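Keep in mind that this is a model prediction, so the values were computed, not measured. Basis for what follows: all heavy atoms, side chains included, without hydrogens, waters or symmetry-related copies.
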Amino acid sequence: MISRLLEIYRLQQWSLTTAVYLLRKFKLSNSVSLITIFCVILIPVTLVSISNSILHIVQKETSPYSYFIFKTDALKKDIESFVGIANELGEIKVEILSPETLKNQFFESLGIYSVDSALVFPYAAQVTYPPNIVLEDFKSNHELMSNRQVIKSAESNHQLITRARIVEKVAIGFMAVTLFIINIFCTLVSFVSSKNVLFLYSTEIKGLILSGLTLNTIRRPIILCSVINGILLGVCLYSASIFLAAKSNYFINEYLFLPNQKLSDEGYSESTLVFLILMTTLSYILGSIIASKQIKAKIVIE
C-alpha cells in the first residue's frame, strides 16, 4: 500500500516537473500562443461580460405589473371583489392605494411634497405579476381585470416586458455563439501547441514508451501544461475584460441603457471569473487530449 502511494506521488511529481519544464522550454511559443488568443478574443469576452451584466439588469429591473384606477363611486365591496378575482388568477400581488396615497404620489411626481388641495382622488390598485409569467397570460389577465365595471382606466408595462424579453433572447444568443467560437479557437490553438511539443520530442517519447511508461502517463505532462496555460489565459482575459467593461460603463449607461445603473453586482463578477477560467482551461485540455491521442498512431506507423 505504501509503495503504491509512493509510486503515485513520484508519478505526479514527475508530471508536474515535466509540465513546468515544457512551459520554460517553450516559453516563447507559449507566450506567443497566449498573446494571440488574448488579443483575438479579448473584445468578444468583454462583450460577453457586458451582455451578461445587461441581461442581469434587465431581468432584475423589468417586473410585469398593471395599474388600475377605480371609479370615484366604487364601493368597498367592489374593490374587495376585484382583489379576490386578481388573487384567483395565480401568483399575483395586489396593492390597494388609498385616495390619500394616490394624492401624495401625484403631487410628489410634480415635485410638490406639501400641498392642501381640494382635488378628489379615487382608489387605485397596483398588480404585480411573477417575473417569468407568460406574456399571453400577462396580457389576458390584464384585459380580464380592466374589463371590470368598477375600473375606470388601466395601464400595464406589457410592451416594455415584450422588448425586455427580446433583449434577453438576443443577449443569451450572442453569449452562446461567442462562447462557442472562443471554445473552438482555444481548442485549436492548444491542439497546434501540443502537436508542436509532440513533434519536437518525438525521440524522447519513443524512449519513454520503450522504457515501459504507459501512454496515459506520457500524456499527463502535456495536458497539465495546457491546464496551466488555460488558467493563465482565463485570469488575464477576466482582468482585462472587467477593466474594459468598467471603462465603457458610462457610455453604455448614458447612450444605450438605463441611467445610474452599474454593469456588475457583488458576487456576479466572481461567478463570471470561475466560468471563464473553467471554459478556457477545458478548451486547452480538450485540444491537448486530441493531439496527445496521436502518440500511439505515430509510434505504430514508424
Side-chain angles (χ1 to χ4, degrees), residues 51-176 252-263 265 268:
S51 301
N52 199 20
S53 300
I54 291 178
L55 176 63
H56 181 67
I57 293 174
V58 169
Q59 293 173 341
K60 180 180 178 181
E61 297 296 331
T62 54
S63 178
Y65 73 88
S66 298
Y67 197 81
F68 302 93
I69 302 294
F70 294 100
K71 295 180 179 179
T72 54
D73 59 348
L75 301 177
K76 186 177 180 180
K77 64 178 182 179
D78 296 328
I79 297 175
E80 292 177 352
S81 175
F82 173 86
V83 174
I85 293 175
N87 290 331
E88 292 177 357
L89 296 177
E91 299 178 1
I92 295 177
K93 180 181 178 182
V94 183
E95 181 183 1
I96 300 298
L97 305 177
S98 64
E100 186 67 23
T101 302
L102 200 62
K103 176 182 177 181
N104 293 335
Q105 289 182 354
F106 173 75
F107 284 107
E108 285 178 3
S109 65
L110 300 177
I112 304 173
Y113 298 94
S114 178
V115 66
D116 186 12
S117 175
L119 291 176
V120 178
F121 287 80
Y123 279 90
Q126 181 170 314
V127 179
T128 304
Y129 304 89
N132 58 346
I133 187 172
V134 180
L135 290 177
E136 291 298 326
D137 294 340
F138 178 24
K139 184 177 180 180
S140 61
N141 291 343
H142 174 76
E143 292 178 351
L144 176 63
M145 290 184 288
S146 60
N147 290 331
R148 302 286 297 177
Q149 293 183 354
V150 72
I151 299 300
K152 181 179 180 180
S153 63
E155 295 180 357
S156 72
N157 63 342
H158 181 270
Q159 293 184 351
L160 176 62
I161 298 300
T162 302
R163 290 194 293 267
R165 296 284 175 87
I166 295 175
V167 171
E168 289 181 18
K169 292 179 180 179
V170 171
I172 292 173
F174 172 78
M175 289 190 292
I252 294 174
N253 290 338
E254 186 71 17
Y255 298 102
L256 301 179
F257 204 60
L258 302 174
N260 301 323
Q261 288 284 359
K262 294 182 178 180
L263 290 181
D265 295 324
Y268 212 61

Heavy-atom closest pair, residues A74 and V150
CB-CG2, 3.5 Å
Y65 OH to S156 OG distance, which is reported to the nearest 0.5 Å:
8.5 Å
Starting at CD of E95, measure out to OG1 of T128 and round the result to the nearest 0.5 Å.
7.5 Å
Just so I know, are the side chains of P99 and Y123 near enough to count as touching, which here means a heavy-atom distance under 4.5 Å?
yes
For K77, does its backbone N or O pair with a side-chain atom of S81 as donor and acceptor, under 3.5 Å?
no
Using every non-hydrogen atom in the two residues, find where S63 and N157 come nearest and quote the distance to one decimal.
O-ND2, 3.0 Å
Decide if atom CD of Q126 counts as having more than 12 heavy atoms of other residues, nucleotides or ligands within a radius under 6.0 Å.
yes
If you look only at pairs with a residue in residues 130-146, which of them pass as a side chain to side chain donor-acceptor pair (under 3.5 Å), with sequence neighbours excluded?
S66-H142
Step by step, work out the side chain to side chain contact (heavy atoms under 4.5 Å, CB included) result for I151 and F70.
CA-CA 5 Å; I151 299 300; F70 294 100; 3.6 Å; yes
Partner residues of K169 under the side chain to side chain contact (heavy atoms under 4.5 Å, CB included) criterion, sequence neighbours left out
none
Within a strict 4.5 Å, meaning less than it, do heavy atoms of the Y129 and L89 side chains meet?
no
Atom pair CG/CD1 of L135 and I161 - distance to nearest 0.5 Å
8.0 Å
Do the non-hydrogen side-chain atoms of V94 and F68 ever get within less than 4.5 Å of each other?
no
Whether F138 and H158 hold their rings parallel, tilted or perpendicular, with breakpoints at 30° and 60°
tilted
Suppose we screen for side chain to side chain donor-acceptor pair (under 3.5 Å). Which residues come up paired with S98, at least two apart in sequence or across chains?
T101
Distance from K152 atom NZ to D73 atom CG, nearest 0.5 Å?
9.5 Å
Residues M145 and A86: closest non-hydrogen pair is SD-CB, 3.6 Å
